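So the structure is just underneath, and the comments pick up after that.
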Amino acid sequence: MDLSSLNDNQRLAVTTTEGPVMVMAGAGSGKTRVLTMRIAHLIKDHQVKKDNILAVTFTNKAANEMKERIAKLIDDETDRMWVSTFHSFCSRILRGEITRLGGYTRFFTILDDEDSNKIVKDIMKERNIDENPKKFRDWISRKKNYGNLPKLGPLTLEYFDYVYDEYEKHLKDNNLLDFDDLLLKTIELFENHPIVLDHYQDKFEYILVDEFQDTNEVQYKLLKLLSAKNKNIFVVGDDFQSIYSFRGAKIENIKKFLDEYKNTKLILLEKNYRSTTEILEIANAVIKQNPNQIEKNLTSNDKTGKKPIYKCFENSKVEKGFIIDEIKKLLLDGYKYSDIAIIYRANYVSRGYEDLLLKYQIPYKIYGNISFYSRAEIKDMIAYLKLIVNHDDDFAFLRIVNVPRRKIGPTTISKLTDIKNIQETSLFEAIDVLDNDNLNKFKKLILELSDELNNLKNLPDIIDIICEKTGYFDELKRLNDEEVAIDKINNVKEFKSYIARYKYDGDDPLDSLELLLYDLSLLNENDDKLEEEDAVTLSTYHQVKGLEFGVVFLVALEESIFPSLNVVTDKDIEEERRVFYVGITRAKERLFITSAKTRFLFGKETDMIESRFIKEIDKGFYNTLIKKSDKKKKVLKEPKSKSDSKFSAGDIIQHDKFGFGVVIKTDGENAKVAFKQEFGIKDLNLNHPAIKVIKKKN
DNA sequence: CGCACTAGACTTTTT
DNA sequence: GTCTAGTGCG
């Protein structure tokens, strides 16, 4: 392997293959390169088998990216390599071994948060426990992961213990695992079945861990178990970028690792290949405020550029005007939309920026937001698929037994559940006993669908067949307004095309589908974002971790937003500061930081105070570009506002792209306009240059 | 059983 | 300002 493109420390990290190694990798210091090169190096230069390497990440996206990069380096397939998230690693192990734990089958279902919330809620409702189910669910997760609960009153505690037990029982009885269980059951498996542990300890000669600073106690324990024999464990992390402590991530694991793996080789990667010196100066100034961190000083590779800009604006409207102006200038400078990111602390401030880009017809994509796979229509499809593959999947059964409506209500279901419990069968089997017309029809339908699956030429076609046979689309159209229904139908179609893209290894359709379904429960929308469309990114800080952009706007740097209102302790503030640091270090060339004295929040104009983090940056490190004299010119290239009487409902307009449309509703300059069917109803700003009035009403 | 209205929230959340 | 979950009525 040619390692000449690496710097000395990077090369050391790649070639120190034996024993425990920790790499503290600053932002933009090439840690993914090191990880992938190291794996390639093991395979090509040390003749390690692909199967004997385990690499764990936190996101599917990171795992997929690593697989792709390794494939290029070794010029070989990596599809079946053990490069995966903690959760899918565990799921893969459990798929083969879970029966050893007793009470589970390999057809276990993985619950997402929504599912598991619902279970908690149902338990509480049944017992009339008048407490917050979300909180209880949260505590269950905390208890599972590290046992420490907040101080609870005696009654609440009693309720909680009850709910916890019932929840666990319900999961076990129904062959369900929540996300936490995937890890915990794997550990249980390893601890109670030394033969299994032994096998995997031998198998995984080399273990690599990405984003080590984000591991929680359970994940640490899992790594410890797996690496106990060979101790060839390589962890990469950056304590500066630890921003998930609220999810249980333990920055202390870094210290623990160094303590427990005595001869750990610690390697620092401090050379930043991403950002200009000017941007790094700000990043370093911010992170310097935090005590107790592993000393690291990011140095740039002598890239210089423009000084970052910070500006506090009169109000959030002016702030937005500035952002638009700058984006326009950046485009003239040759930047693409996709080079630009607008990053905020909380989703609830995203709206304003989204509206802004919409108004000026700037293409954008919002990162995160509701996951594709958690949309009701997709979950319904998955439930159908699951039930087709495994009739005994009660969880899937319950989800779709009455979707579309089949007149199978709670009373019928409760009767069916009773039979199931007494006879110890599945709900599907219990139908034979109850002999209810509607249920019989449903059973017949599912059996028919299973039949279809076996005669299928093309696996994705099963989606069409499901929709057709169940009348799913008709129900959507009946239940929602047209716009929403079309949206949902398109989502189902997109899901079908996802199935078509999925890589199958078997030729048996049932096997392939089964595998796909396992993968699906751990997937999320961002993982397989396909088209690299040219669009501005809108995102929270948390969701751009690991990404980079030519230009970054960090917006709404105001107390109560950033740092967030709920942040109190010094430790919390330190984490907020790291969040800021993560944002700054996303920028390659240009960085803009903005705040406003008043901001439109929760339906009213609210007074804001500049974030304390701004004061921590030496004023010499940034420019405040706008001078009083050219302020006016700067701010108001905005379309002339509030000539709102210009339009009213019933007016006919013409839009450059959508053609003729009728104004349905106006609210100042914003309006709902109905266009031809293929465009539907749009929310538009009527002052936009693309719009002309054709005919006024009256 | 299904819908319409109202109260309440409105930090981040890789799986 | 806007979304959601929950209730209560037809």
Side-chain angles (χ1 to χ4, degrees), chain A residues 56-65 84-91 110-118 121 125 132-134 137-138 141 145 177-184 210-211 213-216 218-219 241-249 343-352 354-355 367-371 373-374 402 405-412 478-480 519-527 539-547 556 560-568 572 575-576 578-580 582-583 599-606 667-668 670 683:
Chain A
V56 275
T57 62
F58 277 86
T59 65
N60 292 300
K61 206 170 119 206
N64 291 337
E65 195 187 323
S84 63
T85 62
F86 275 100
H87 290 82
S88 53
F89 166 75
C90 291
S91 147
I110 301 166
L111 299 176
D112 65 19
D113 285 342
E114 193 193 329
D115 300 333
S116 109
N117 277 332
K118 190 173 178 308
K121 208 159 102 188
K125 204 168 173 184
N132 182 348
K134 276 228 177 78
R137 170 66 188 94
D138 220 48
S141 182
N145 280 300
L177 298 179
D178 64 23
F179 286 138
D180 297 330
D181 286 339
L182 289 174
L183 294 154
L184 293 168
D210 192 14
E211 306 277 16
Q213 78 284 348
D214 288 339
T215 51
N216 67 19
V218 175
Q219 287 153 347
Q241 293 187 70
S242 160
I243 58 174
Y244 279 102
S245 76
F246 67 95
R247 290 277 264 127
I343 301 173
Y344 36 78
R345 176 65 237 269
N347 284 313
Y348 70 84
V349 296
S350 73
R351 182 121 222 156
E354 196 184 343
D355 289 347
Y367 242 85
N369 256 14
I370 190 178
S371 162
Y373 299 100
S374 64
N402 201 30
R405 309 235 143 88
R406 303 186 173 91
K407 300 212 160 78
I408 301 172
T411 337
T412 316
R478 201 171 61 74
L479 246 46
N480 301 283
D519 278 1
L520 278 176
S521 20
L522 295 171
L523 265 185
N524 116 8
E525 181 172 25
N526 298 332
D527 296 337
S539 171
T540 63
Y541 286 84
H542 285 81
Q543 288 186 306
V544 285
K545 199 172 128 198
L547 304 181
S560 89
I561 294 178
F562 200 9
S564 158
L565 188 62
N566 308 282
V567 154
V568 264
D572 293 340
E575 178 143 326
E576 292 286 288
R578 291 194 292 267
V579 172
F580 191 31
V582 166
R599 180 171 297 279
F600 195 71
L601 281 181
F602 309 139
K604 61 172 188 281
E605 201 68 27
T606 317
D667 171 18
N670 298 310
D683 287 304

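By convention in this document, chain letters (A, B, ...) are assigned in the order of the sequence lines, proteins followed by strands, and residues within each chain are numbered from 1. All of these numbers come straight from a predicted model, not from anything done at the bench.
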Looking at every heavy atom in both Leu522(A) and Ser91(A), which two are closest together, and how far apart are they?
CD1-CB, 3.8 Å
Compare every heavy atom of Phe562(A) with every heavy atom of Ala556(A), then report the nearest pair and how far apart it is.
O-CB, 4.2 Å
Could I get a table of every N or O pair under 3.5 Å where one atom is in the protein and the other is in nucleotides 7-10 of chain C?
none

Side-chain touch Leu547(A)/Lys61(A), heavy atoms, less than 4.5 angstrom:
yes
Would you classify dT11(B) as syn or anti? Syn applies when the glycosidic angle is within 90° of 0.
syn
Please give me the minimum heavy-atom distance between Arg137(A) and Asp113(A), naming the atom from each residue.
NH2-OD1, 4.3 Å
Using a cut-off of strictly less than 4.0 Å, decide whether Asn60(A) has a side-chain nitrogen or oxygen near OP1 or OP2 of dT14(B).
no
When rounded to whole Å, the CG to C1' distance for the pair Leu182(A) and dT15(B) reads 8 Å
Considering only NZ, NE, NH1 and NH2 on the basic side and carboxylate oxygens on the acidic side, decide whether Arg578(A) and Glu575(A) come within less than 4.0 Å.
yes
With B for base contact, S for sugar-phosphate-only contact and - for none (protein heavy atoms under 4.0 Å), nucleotides 6-13 of chain B reads ----BBBB
Could you tell me whether the side chain of Asp214(A) and the main chain of Ser242(A) form a donor-acceptor pair under 3.5 Å?
no
Quick one: which of dT15(B), dG1(C), dG6(C) gets closest to the side chain of His87(A)?
dT15(B)
Rounded interatomic separation in angstrom, taking NZ from Lys118(A) and C1' from dT4(C):
16 Å
Which nucleotide in dC3(B), dT2(C), dT15(B) has an atom nearest any side-chain atom of Arg405(A):
dC3(B)
Once you round it to whole Å, what is the distance between P of dT14(B) and CD1 of Ile110(A)?
15 Å
What's the separation between atom NZ in Lys545(A) and atom OG in Ser539(A), rounded to the nearest 0.5 Å?
12.5 Å
When all nucleic acid strands are considered with a 4.0 Å heavy-atom cut-off, which category describes Asp180(A): base, sugar-phosphate, or nothing?
nothing
Hey, does Phe58(A) have a side-chain heavy atom less than 4.5 Å from the side chain of Tyr244(A)?
no
Is the backbone of Leu182(A) close enough, under 3.5 Å, to the side chain of His87(A) for a donor and an acceptor to pair up by distance?
no
When the nearest nucleotide of DNA chain B is assigned to Lys545(A) and to Gly409(A) on a heavy-atom basis, which residue is associated with the more 5' position?
Gly409(A)
Which part of the nucleic acid does Gly546(A) contact within heavy-atom distance under 4.0 Å: base, sugar-phosphate only, or nothing?
nothing
Counting any heavy atom closer than 4.0 Å, what does Asp113(A) reach on the DNA or RNA strands: base, sugar-phosphate only, or nothing?
base
